[in-house]
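The next block holds one structure in the form of structure tokens; read it before the comments.
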Amino acid sequence: MTARLVLAAVVAALFLLRSPPARGHAFLEHAEPHVGSTVGATPPSITLTFTEEIEAAFSKVELTDASGRRIETGALEHPESNVLTVSLPGLVPGSYTVNWSVVSVDTHATDGHFTFTVKGS
Amino acid sequence: MNATLAALGWADLAATIVLVGGLFSAALIAPPSEAGRRWWWRAAAALAVVLPAEFAVTAFRMYEVSGLHGTTLVVDLARTRWGMLGSGRAAGLALLAAGGQLPPGPLAALGAGWLLLRSFQGHAGAHGTLSALIDWLHLLAAAAWLGGLVQLALLPRPVPVEIAARVRVQATAALAVLVPAGIYAAFLHVRHLDLLVGSPYGETLIAKLALASVLLALGAANHFGHVPAMRRGAPRAEGKLVRAVRLEVVAGAVVLALTALLGVLPMPHGHAP
């Protein structure tokens with residue numbers, strides 16, 4: 001009897017409190033170059049700092065130009081537990097989008113993107 | 001996918017609490033009844049299924065986000081902190097099962113240590129050592145309280161007065177740890193009240209706290225009413241205690257379901273990219 005009540009109550013609770021679509025748990029805390037910034041010349045790298053520790057094996061950082069063409073970056077580096085870095089080639093002036101997806105150490109995935117502009121000298 | 005994870009998380013949490021709480025009960029209150037012992041083994045068997053299932057679901061999620069597959073995916077996931085702690089939990093479960101003939105004290109101590117791996121593996125562990133340790137205290141106390149109640153509910157009738165009295169003491173001690181640890185964890189994870197009411201995590205936490213207060217009220221009725229009445233030999237007191245304990249077990253299972261849901265929801269700390 002108690003076991004049936006337990007099962008019914010749990011099913012009801014899970015039904016009433018269905019979770020929303022998956023949301024990430026490691027949030028972008030700081031980016032270099034800054035989100036939405038304009039820089040005078042190509043920065044040496046993109047460095048993303050997150051609010052939680054990251055599993056680099058399941059994380060990605062990609063760069064595309066204004067036309068959506070993917071820019072080849074250096075390999076993903078993981079200098080600190082919550083930091084990801086990729087080195088950049090020389091960039092022509094224009095707008096660029098950084099697309100990131102990361103998995104925190106409790107395996108929750110999150111992704112996002114931001115843009116920055118290279119003004120050129 | 002979140003619903004699957006929450007359901008698996010509930011099965012994991014409930015089985016963990018039944019298993020470890022049963023070990024605490026055997027060490028601190030009384031040897032388990034036949035039914036109580038059967039539920040230990042059922043909990044251990046459930047965990048033997050749920051832990052690999054959680055690995056499989058997580059591997060699928062990692063495939064979706066990274067595109068890795070096959071052996072690389074499995075090896076990379078097993079090498080993550082989550083994967084290594086999961087392997088530790090599986091090994092610990094095997095140890096607990098193999099050590100079933102050990103005296104209750106060492107077995108309960110082993111169970112307590114085993115819970116620490118769970119705290120470091122989940123949400124709390126991702127937020128640092130302090131957060132994981134607070135979560136561990138919370139989990140230990142919840143196991144002592146709810147696991148003790150499960151064992152009490154499984155005792156053959158009539159429930160001996162002295163066992164009811166020991167559960168009363170253990171439940172009070174567990175609450176003395178559970179409530180402050182829970183409040184601390186809530187403030188650690190939800191730092192502003194507006195985040196509490198404006199996020200799925202916060203709203204689920206409110207629902208959990210509301211139901212936990214019902215549990216507290218039932219516990220208070222046992223503590224101040226039914227158990228003292230049993231000691232006085234009052235008629236029907238034992239029946240009232242058993243009904244209240246069964247209700248507590250049901251409410252406790254729902255609280256654990258909400259806790260499992262909290263485990264898959266993002267903590268609402270202010271994030272400012």
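Hydrogens, waters and symmetry mates are skipped; everything else that's a heavy atom, side chains included, is used.
B/Arg81 places no side-chain N or O within donor-acceptor distance of the main-chain N or O of A/Glu55, the cut-off being under 3.5 Å. Side-chain atoms of A/Glu53 never come within 3.5 Å of backbone atoms of B/Ala126 as a donor-acceptor pair (strictly under, hydrogens ignored).
Of the atoms belonging to A/Phe114, not a single heavy atom falls under 4.5 Å from chain B. Looking at A/Ser101, the atoms closer than 4.5 Å to chain B (heavy atoms on both sides) all sit in the side chain, from C-beta outward. Proximity to chain A (any heavy atom under 4.5 Å) is shown, for B/Leu73, by both the backbone and the side chain.
Side-chain atoms of B/Met62 and A/Thr107, non-hydrogen and from C-beta on, do get closer than 4.5 Å to each other.
At most 12 non-hydrogen atoms from other residues, nucleotides or ligands lie less than 6.0 angstrom from CZ of B/Arg79.
The residue from B/Leu77, B/Thr80, B/Val65 that alone fulfils the side-chain contact (heavy atoms from CB on, under 4.5 Å) condition with A/Val103 is B/Val65.
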Please walk me through it: do A/Phe58 and B/Asp76 pass side-chain contact (heavy atoms from CB on, under 4.5 Å)?
-> CA-CA 8 Å; A/Phe58 299 106; B/Asp76 280 358; 3.7 Å; yes
